[in-house]
Amino acid sequence: MTRRTFAAAGLGAASALLATGAAPSASRAPRRELRGMWLATVANLDWPSSAKLGPAEQQRELRAHFDTAVARRLNTVFFQVRPTADALWPSPYEPWAQYLTGQQGRDPGWDPLDFAVREAHRRDLELHAWFNPYRVANHTDPGRLVAGHPARRHPDWVLPYGGKLYYNPGLPEVRGFVQDAMLDAVRRYPVDGVHFDDYFYPYPVAGQRFDDDAEFEEYGSGFAGRAAWRRDNIDRLVYEMAGKLRDGNERAGRTVRFGVSPFAVWRNQGTDPQGSRTKAGVQTYDDLYADTRRWVREGWLDYIVPQVYWPLGSAPADYAELVPWWARTVDGTDVDLYIGEALYKAGDTQPAAWKNPAELSRHLTFAARYPQVGGHVYFSAKEVARDRAGAMARVVRDHYGSAARA
């Protein structure tokens, strides 16, 4: 099922469409070359550098990140606006993010998302609003959440796991709520895209289980098992979000693209013949219950950015295996492919390949052999700026000497 037929099908047919596995459309070239960076706000990873900074200093830092993107000849910023069931805009659904002021729910006195969109567009940068759908907190104490937080008003929505709190993806009301909370930003600001990261069901933690027994008992009948039911929950999140964005685009006469940046291994070939020749310890299909290959083949996304965070020649997962695997996966669909690059690893001593500042440049040289690859995205903004190993400067010199392909 392609994006063209998606619009005509309607959301009411979701259950039937989720079972089709229809063939993709004819092959096409990517929309344009994308050169991007992720700008993370969770735990003040990239911005703001401190929650103690005032609005003027936070704005100065944000401008500097955008100026760096321009200087590095990038054209897209993926700005994390909902890191932990909170918001970097005045949301009627969720509280202000604690990373702005140090206290969840405290008004910072300005609107970071509005500011970011205006400053990005002033520099001819696309601004994609990056959301984490289900993470509630990086701790397990609901009492630490601000009074009135949705997770406190609806404690049955929340599960602790691995030292964190998560909204339960198995509850239809949770799925509807998180979609509404995210779409509020899309309706209010001229963002260019909606972007999900790699967290759906949480990454597995040894010795712990995600206790959704009651929800599986209530909603899991008709599925082959809990894993199939969980995958269906995530499929519906993605499918429904795509449909709502498409409907909103048509009503508003605008284009807001929808993309996901998953962990790059869908399944190992040892698990599934259609998988990649990898031996990764995590498989998105089996461990995060995210059938990323299906989302591409059925055209539910506008683009996908697999996080191919291994060097060329890596034994468990080789960049030279995963890029062609994803190229084959998107081939014949309307979904653009961009490769997520681990700039933050450049200069590391293990694996040894990362010590070479030319490793990332070699990635772009390799990926250029595949016409399905439409660009690259670098993690993360502060690494683009400081470039401790000189790897980003090498990429710019070797590959970004001219403007991006239109």
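Computed from a predicted structure; not experimentally measured.
- Applying side chain to side chain contact (heavy atoms under 4.5 Å, CB included) to Y189 and the options L127, D111, V81 leaves one that passes, D111.
- Aromatic ring orientation, W157 versus Y167: perpendicular (interplanar angle above 60°, classes split at 30° and 60°).
- Minimum heavy-atom separation, V146 to R152: O-CD, 3.4 Å.
- Here the side chain of D318 pairs a donor or acceptor atom with the backbone of G313 at under 3.5 angstrom.
- Salt-bridge check for D302 with R257: failed, with every basic side-chain N at 4.0 Å or more from each acidic carboxylate O.
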Next on the checklist: Working note: S276 + V265, criterion side chain to side chain contact (heavy atoms under 4.5 Å, CB included); need CA distance, chi angles, decisive distance, verdict.
Outcome noted: CA-CA 7 Å; S276 52; V265 177; 4.0 Å; yes

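- Residue R118 qualifies as enclosed at atom CZ: its count of foreign heavy atoms under 6.0 Å is above 12.
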Checklist entry - Can you check ring-ring contact (aromatic ring centres under 6.0 Å, His included) on F216 and W229, steps first, answer last? => result CA-CA 8 Å; F216 179 53; W229 169 71; 5.4 Å; yes

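- Using a 4.0 Å cut-off between charged nitrogen and carboxylate oxygen, E119 and R123 count as a salt-bridge pair.
- H128 pairs with exactly one of Y303, F79, F196 by the ring pair (Phe, Tyr, Trp, His ring centres under 6.0 Å) rule, that one being Y303.
- Taking each heavy atom of L337 and P306 in turn, the nearest pair found is CD1-CD, 3.6 Å.
- Checked for salt-bridge contact, R63 and D67 miss the test: no charged N lies under 4.0 Å from a carboxylate O.
- Closest of all the heavy-atom pairs between T101 and R106 is OG1-CB, 3.4 Å.
- Remark: side-chain polar atoms of R394 are not paired, donor with acceptor, to backbone N or O of P357 under 3.5 angstrom.
- Considering every non-hydrogen atom in both L88 and Q80, the closest pair reads CD2-O, 3.8 Å.
- With rounding to the nearest 0.5 Å, the separation of CD1 in I339 from CD in Q307 is 11.5 Å.
- Ring-plane geometry between W89 and F131 is classed as perpendicular, the angle between the planes exceeding 60 degrees on a 0 to 90 degree scale with a lower cut at 30.
- Side chain of H154 to main chain of E173: no donor-acceptor pair is present (N/O by atom type, distance under 3.5 Å, no hydrogens or angles).
- Atom OH of Y338 is separated from atom CD1 of I304 by 12.0 Å, given to the nearest 0.5 angstrom.
- Considering F263, Y344, Y319 in turn, Y344 is the only one that fulfils the ring pair (Phe, Tyr, Trp, His ring centres under 6.0 Å) rule with Y309.
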Next on the checklist: The test is side chain to side chain donor-acceptor pair (under 3.5 Å); show your working for N268 and T278 and say whether it passes.
Outcome noted: CA-CA 5 Å; N268 295 320; T278 51; 2.7 Å; yes

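- Annotation for Q179 and L237: closest pair NE2-O, 3.4 Å, computed over non-hydrogen atoms.
- Ring pair F78/W38 is tilted by interplanar angle, where 30° to 60° counts as tilted.
- The number of heavy atoms from other shown groups lying within 6.0 Å of CZ (R277) does not exceed 12.
- Using cut-offs of 30° and 60° on the angle between ring planes, the pair Y289 and Y201 is perpendicular.
- Closest of all the heavy-atom pairs between N132 and P83 is CB-O, 3.7 Å.
- Among residues two or more places apart in sequence or in another chain, the ring pair (Phe, Tyr, Trp, His ring centres under 6.0 Å) test is passed with F200 by W295.
- Salt bridge status for D212 with R226: present, with a side-chain N to carboxylate O gap under 4.0 Å.
- Under the 30°/60° scheme for interplanar angles, the aromatic rings of W110 and F115 are found to stand perpendicular.
- Ring pair Y199/Y203 is perpendicular by interplanar angle, where above 60° counts as perpendicular and below 30° as parallel.
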